[in-house]
Student: 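If you scroll down you'll find the structure; I have some questions about it.
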Amino acid sequence: MPASARPAAPSVAYVVPTFAWQRQASTNIKRSVRFGGGLRVYLNRPWFSSGEGELLGVVLLSQFGTIDREAWKPFITQWGADPIWQSGKLGSLPGRFDFDGYAAADENLTLEEPTPRTNGQAGRVGVVGFPVEYDAERQMWFCDVTLNVDGSSYTPFVRMALARYQPHALADAKLSRVVLADFAQLTPDRSLVVSSDPYAPQRLRITLSGVAPRGPRPLLHAEPQPAQPAQHPTEV
């Protein structure tokens, strides 16, 4: 039978970036790719307050049109560009298709807390849910979330609105109260290729590629150097 009571709110400890690696080393070309865009959310115990199948939900806006962003801040996930870099722009707000690997998703859900009203009705939210695992060494639960950020955006910030999400519940009991995580910064993908010439094995070609900002350019300050006595060139 579907659950009829909302889950308890999650207890979020902290959020850290995660990486995935892909390596090739079987030929004279060595390649290592680091995939970014991931965040790991560590959660305090306990878990499964609503039973089997409970997920960590990333809460999203589930309506179109103009909204009061300030009023919605406590309830939805938001992102923004790093202001110190000149790079590609992000969309207004993240949506379902900006996430990878979620186990379940829903739209037009209600929250227990009062949300900004639209056309006389309480605003509704969407959610993408990710499985939660236990880390025996830290004695904490954790959840990995992966975002598909536009490749032209360099190290954007994300502040996730998180809730326990029980897909096997009545429509008005699927989400707990929302908890805002700390701001976290997404890392870009990076690819490193090292190749050698079979006829000149001591010569290597190294290529590092990935997203980089367009600016600002670093300021170079020349430090005054003390006068040095003239030296005669030495031939080697």
Side-chain angles (χ1 to χ4, degrees), residues 1-15 39-80 90-133 140-148 156-184 186:
M1 294 182 64
S4 58
R6 291 184 183 272
S11 176
V12 178
Y14 52 90
V15 180
L39 297 172
R40 174 166 290 185
V41 183
Y42 279 99
L43 303 155
N44 297 312
R45 301 166 68 183
W47 193 251
F48 296 121
S49 72
S50 63
E52 190 70 23
E54 188 174 86
L55 305 171
L56 183 67
V58 181
V59 182
L60 311 168
L61 187 68
S62 183
Q63 62 186 58
F64 298 99
T66 304
I67 64 166
D68 184 342
R69 290 285 291 266
E70 198 65 30
W72 273 103
K73 272 185 178 180
F75 311 112
I76 58 173
T77 298
Q78 299 190 75
W79 59 15
L90 293 166
S92 176
L93 288 169
R96 180 194 298 192
F97 299 108
D98 295 308
F99 292 84
D100 258 348
Y102 54 84
D106 262 306
E107 298 285 346
N108 297 313
L109 298 181
T110 61
L111 292 175
E112 179 182 350
E113 49 268 66
T115 53
R117 303 184 72 82
T118 302
N119 298 325
Q121 297 183 343
R124 293 175 176 257
V125 298
V127 65
V128 287
F130 294 86
V132 174
E133 302 177 55
M140 301 174 74
W141 293 89
F142 71 91
C143 175
D144 289 331
V145 178
T146 304
L147 289 93
N148 297 316
F157 285 91
V158 177
R159 192 195 64 179
M160 292 188 291
L162 301 171
R164 291 186 198 241
Y165 168 42
Q166 177 53 268
H168 311 296
L170 298 177
D172 288 334
K174 290 188 174 185
L175 293 178
S176 72
R177 296 182 70 88
V178 175
V179 174
L180 295 181
D182 291 334
F183 285 92
L186 300 176

Student: Might you point out which heavy atoms bring Leu60 and Gly95 nearest each other, and give the distance in Å?
Tutor: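 Distance-wise, the nearest heavy atoms are CD1-C, 3.7 Å.
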Student: For Arg96, give me all partners under salt bridge (Lys or Arg N to Asp or Glu O under 4.0 Å), at least two apart in sequence or on another chain.
Tutor: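 Salt bridge (Lys or Arg N to Asp or Glu O under 4.0 Å) list for Arg96, sorted by chain: Glu107.
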Student: Output all residues satisfying side chain to side chain contact (heavy atoms under 4.5 Å, CB included) with Pro94, sequence neighbours left out; order by chain, then residue number.
Tutor: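 Listed in chain order: Thr77, Trp79, Asp98, Phe99.
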Student: Measure the shortest side-chain to side-chain distance between Val58 and Leu162 over non-hydrogen atoms and say whether it is less than 4.5 angstrom.
Tutor: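 They are in side-chain contact.
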Student: Who pairs with Tyr14 by ring pair (Phe, Tyr, Trp, His ring centres under 6.0 Å), at least two apart in sequence or on another chain?
Tutor: Tyr42
Student: Salt bridge (Lys or Arg N to Asp or Glu O under 4.0 Å) with Arg69: which residues, sequence neighbours excluded?
Tutor: none
Student: At what distance, to the nearest 0.5 angstrom, does CG of Asp68 lie from NZ of Lys73?
Tutor: 10.0 Å
Student: Could you tell me which residues satisfy side chain to side chain contact (heavy atoms under 4.5 Å, CB included) with Pro116, sequence neighbours excluded, listed by chain and number?
Tutor: Ala71, Trp72, Phe75
Student: Taking only residues two or more places apart in sequence, or in another chain, which ones meet Asp144 in a salt bridge (Lys or Arg N to Asp or Glu O under 4.0 Å)?
Tutor: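 With sequence neighbours excluded, Asp144 shows a salt bridge (Lys or Arg N to Asp or Glu O under 4.0 Å) to Arg40, given in chain and number order.
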Student: Partners of Asp182 by side-chain hydrogen bond (donor to acceptor under 3.5 Å, both in side chains), sequence neighbours excluded?
Tutor: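 For Asp182 there are no side-chain hydrogen bond (donor to acceptor under 3.5 Å, both in side chains) partners, ignoring immediate neighbours.
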Student: Rounded at 0.5 Å granularity, tell me how far OG in Ser92 sits from CG in Leu61.
Tutor: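 Ser92 atom OG to Leu61 atom CG measures 8.5 Å (nearest 0.5 Å).
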Student: Name every donor-acceptor pair, under 3.5 Å, that has one atom in a side chain of residues 171-181 and the other anywhere in the protein, sequence neighbours excluded.
Tutor:
{"from": "Asp172", "atom 1": "OD1", "to": "Thr110", "atom 2": "OG1", "distance (Å)": "3.0"}
{"from": "Lys174", "atom 1": "NZ", "to": "Asp106", "atom 2": "OD2", "distance (Å)": "3.1"}
{"from": "Ser176", "atom 1": "OG", "to": "Arg164", "atom 2": "N", "distance (Å)": "2.9"}

Student: Just so I know, are the side chains of Pro167 and Leu55 near enough to count as touching, which here means a heavy-atom distance under 4.5 Å?
Tutor: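 Counting from C-beta outward, Pro167 and Leu55 do come under 4.5 Å.
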Student: Mind checking what makes side-chain hydrogen bond (donor to acceptor under 3.5 Å, both in side chains) contact with Glu113, not counting sequence neighbours?
Tutor: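 Counting only residues at least two positions away or on another chain, Glu113 forms no side-chain hydrogen bond (donor to acceptor under 3.5 Å, both in side chains).
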Student: Using the test salt bridge (Lys or Arg N to Asp or Glu O under 4.0 Å), find all partners of Glu52 that sit at least two apart in sequence or belong to another chain.
Tutor: none
Student: For Asn44, what residues pass the side-chain hydrogen bond (donor to acceptor under 3.5 Å, both in side chains) criterion, not counting sequence neighbours?
Tutor: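 Asn44 satisfies side-chain hydrogen bond (donor to acceptor under 3.5 Å, both in side chains) with Ser11 once adjacent residues are dropped.
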Student: Would you find a donor on one side and an acceptor on the other, under 3.5 Å apart, between the side chain of Ser62 and the backbone of Asn108?
Tutor: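 Indeed, once roles are kept as given, a pair shorter than 3.5 Å links the two residues.
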Student: Nearest 0.5 angstrom please: Ile76 CD1 to Leu93 CG, how far?
Tutor: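 Atom-to-atom, Ile76:CD1 and Leu93:CG are 5.0 Å apart.
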Student: Identify the heavy atoms of Gly123 and Thr115 that sit nearest to each other, and give their distance.
Tutor: O-OG1, 2.8 Å
Student: Could you pull out all residues at least two apart from Ser50 that satisfy side-chain hydrogen bond (donor to acceptor under 3.5 Å, both in side chains)?
Tutor: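 With sequence neighbours excluded, Ser50 shows a side-chain hydrogen bond (donor to acceptor under 3.5 Å, both in side chains) to Glu54, Gln166, given in chain and number order.
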Student: Supply the atom-to-atom distance Leu56 CG to Tyr165 OH, rounded to the nearest 0.5 angstrom.
Tutor: 12.0 Å
Student: Assign the ring pair Trp141 / Trp47 to parallel, tilted or perpendicular, where the plane angle (0 to 90°) is split at 30° and 60°.
Tutor: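 The rings of Trp141 and Trp47 sit tilted, inter-plane angle from 30° to 60°.
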Student: Quick one: closest heavy-atom pair of Phe130 and Cys143, and the distance?
Tutor: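 Scanning both residues, the minimum pair turns out to be CB-SG, 3.3 Å.
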Student: For Phe183, I'd like to know if atom CZ has over 12 heavy atoms of other residues, nucleotides or ligands within 6.0 Å.
Tutor: no
